[in-house]
**Q** 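The structure is given below, and queries will be raised subsequently.
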Amino acid sequence: MTKNGAKVHYFSWIRERVGMGEETVNLPDSVETVSQMLQWMQGRNDQFAAALEFPDIIRVALDQQHVEHDQRLDSPREIALFPPMTGG
Amino acid sequence: MTKNGAKVHYFSWIRERVGMGEETVNLPDSVETVSQMLQWMQGRNDQFAAALEFPDIIRVALDQQHVEHDQRLDSPREIALFPPMTGG
Amino acid sequence: MIAPKVIVQSDDFDQSAETRKLTRGRTDIGAVATFTGLCRSEDHSLTALELEHYPGMAEAEIERSASEACQRWPIDGMTVIHRYGVIRPGEQIVLVIATSRHRDAAFDGARYVMDFLKTNAPFWKKEHRADGTPGDWVDAKESDEAAKKRWD
Amino acid sequence: MIAPKVIVQSDDFDQSAETRKLTRGRTDIGAVATFTGLCRSEDHSLTALELEHYPGMAEAEIERSASEACQRWPIDGMTVIHRYGVIRPGEQIVLVIATSRHRDAAFDGARYVMDFLKTNAPFWKKEHRADGTPGDWVDAKESDEAAKKRWD
């Protein structure tokens, strides 16, 4: 149950659509990759379904490091979901 | 006799070797190109011979425009001889 | 290799003061390349951009790009400052300063950091519109993604 | 196309004041790229560089490079200042500022001007040595000639 209790952060329009900036999430054991996590989150409720409608464009960071969608989750303390960045 | 009375400027170590910054020069009619002018100047005295010992590296400007050594002289009001530039 | 100075803050910054900190008392620096990014009004359609960021990761990602630049080129000093919060047209958003003995390293270093910062540092811009309608989040540009590729 | 501002002077210049003149009151500029060239002491072997120039042609050659940059990229403002006379280690020699909507034009414009100015603008540097021996004229660098080629 190492994936339980991860802090998840949402930014930009993902934050607006899911209606919160952060939460603590207990992911089911069946969720083993970033891609599976996004799929599971889409099923949580309508807001998440809308926010993650096009999962390919969602960027994910585990413990503040960018990761690809095929990355294994292992046991991050911090997960972040956000759209492509527009700083600078 | 259009080439007569051109103002010639010398810069950097060419100025130091020829011993002056500028002069008015009457070029003989036989001098038709930049290259011929450099050759003629080399023969003027020992200082010019030393300053223009390696004519290939001498840069020439006619009326404040860079020119190649095969350029015809025509009738410039202003001629400048200087080494490769080191500004910036 | 020098350690770049990276700051993420809501306050404005003073480019000339930051440059002075990198050059004061030194006689080995021949080149200072500086980039400043400013907020545009898009033909007066915007009253501000609101910059959201991911605290911690924003600093870490900028630091990664800046350190990579300092490894790749002989850079003597580097400062990167990125603001967040509400920034009005004409105001400063980001500053990159790179110093070196020679100009190529300074130019390359500053530009490299900007190119990677654009697509890797977790900042997002939301428009505040002059006409009062809800502003959009600024879309990421393909050209920014492509700009990174020139360093491959 | 805008007309670049080109100045050749013995006095020092104020980079931030020059930047302000290009950006003040404007909200269409997103990018300011600045290059400053400083005098180096070469490990304290020099007390100064003395810059000789060809008045008239120096301005004309810088202006040519700057205008070419403004034609080649969408540049909104450009200022180039080059000093002559005795300049001590740590002091400023040259300033190039290019402003644009986007960073690529600003970076490219500033760098282009520096690359062409280095080999085309009639300035020559003579060393003043700390040990009192007669200083040499600085040799032109092959790398500066090569740097121009990247814009072909």
Side-chain angles (χ1 to χ4, degrees), chain B residues 3 5-25 34 37-38 41-42 46-88, chain D residues 6 8 35-40 49-66 80-85 87 92-96 110-127 134-145 147-148:
Chain B
K3 287 192 290 286
K7 178 79 77 78
V8 187
H9 296 261
Y10 307 102
F11 292 100
S12 183
W13 50 258
I14 298 179
R15 173 179 55 69
E16 290 181 340
R17 289 183 197 174
V18 303
M20 64 188 144
E22 57 180 72
E23 61 173 334
T24 301
V25 172
V34 167
M37 174 188 70
L38 292 173
M41 282 192 165
Q42 257 186 289
D46 286 353
Q47 282 118 301
F48 273 90
L52 307 179
E53 184 183 0
F54 303 106
D56 286 356
I57 63 166
I58 308 295
R59 306 295 176 99
V60 177
L62 301 179
D63 291 329
Q64 306 196 350
Q65 303 251 16
H66 293 293
V67 294
E68 301 295 328
H69 287 194
D70 59 2
Q71 171 88 28
R72 288 189 58 81
L73 271 182
D74 295 325
S75 47
R77 283 149 305 168
E78 197 170 309
I79 299 171
L81 272 58
F82 43 79
M85 289 141 280
T86 56
Chain D
V6 172
V8 173
F35 179 84
T36 315
L38 307 177
C39 176
R40 285 182 280 125
L49 286 175
E50 185 162 1
L51 275 101
E52 183 172 335
H53 78 299
Y54 183 177
M57 184 171 170
E59 289 85 346
E61 276 299 323
I62 296 174
E63 196 141 336
R64 199 167 301 160
S65 304
V80 187
I81 303 178
H82 201 303
R83 293 177 66 196
Y84 62 84
I87 298 179
Q92 307 184 109
I93 297 173
V94 62
L95 171 70
V96 178
R111 195 164 186 171
Y112 181 95
V113 170
M114 276 308 300
D115 282 349
F116 280 82
L117 182 158
K118 277 267 174 188
T119 55
N120 289 5
F123 290 87
W124 303 272
K125 293 190 183 105
K126 186 171 195 171
E127 301 176 340
D136 287 328
W137 289 91
V138 173
D139 272 329
K141 286 187 293 186
E142 287 294 329
S143 60
D144 284 333
E145 202 54 52
K148 264 198 317 195

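Just so we're on the same page: letters track the sequence lines, and every chain starts at 1. What you see below is based on every heavy atom in this structure, not just the backbone, and it leaves out hydrogens, waters and symmetry mates. Since the model is a prediction, treat every value here as computed from it, not as a measurement.
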**Q** Given a strict heavy-atom distance threshold of 4.5 Å, which part of D:Asp139 is in contact with chain B: side chain, backbone, both, or neither?
**A** backbone
**Q** If you count heavy-atom pairs under 4.5 Å with chain B, which of D:Phe35, D:Trp124, D:Tyr84 comes out on top?
**A** D:Trp124
**Q** Identify the two heavy atoms, one from D:Tyr54 and one from B:Gln64, that lie closest to each other, and give their separation to 0.1 Å.
**A** OH-CG, 3.7 Å
**Q** Which region of D:Arg64, side chain (C-beta onward) or backbone (N, CA, C, O), has a non-hydrogen atom less than 4.5 Å from a non-hydrogen atom of chain B, or is it both or neither?
**A** side chain
**Q** Between D:Lys126, D:Arg83, D:Met114, D:Glu145, which shows the greatest number of heavy-atom pairs under 4.5 Å with chain B?
**A** D:Lys126
**Q** What is the minimum heavy-atom distance between B:Pro76 and B:Leu62, and which atoms define it?
**A** CG-CD2, 4.1 Å
**Q** Please state whether the rings of B:Phe82 and B:His66 are parallel, tilted or perpendicular, taking 30° and 60° as the class boundaries.
**A** perpendicular
**Q** Name the region of D:Lys118, side chain, backbone, both or neither, that has any atom closer than 4.5 Å to a heavy atom of chain B.
**A** both
**Q** Using non-hydrogen atoms only, which part of B:Gln65 is less than 4.5 Å away from chain D: side chain, backbone, both, or neither?
**A** both
**Q** Measure the spacing between OG1 of D:Thr119 and CZ of B:Arg59 and express it to the nearest 0.5 Å.
**A** 7.5 Å
**Q** Please assess B:Val8 against B:Met41 for the test side-chain contact (heavy atoms from CB on, under 4.5 Å), listing each intermediate value before the final yes or no.
**A** CA-CA 11 Å; B:Val8 187; B:Met41 282 192 165; 4.0 Å; yes
**Q** Heavy-atom distances under 4.5 Å only: say whether D:Glu50 touches chain B with side chain, backbone, both or neither.
**A** neither
**Q** Where do D:Asp115 and D:Lys148 come nearest, in terms of heavy atoms and distance?
**A** O-CG, 3.7 Å
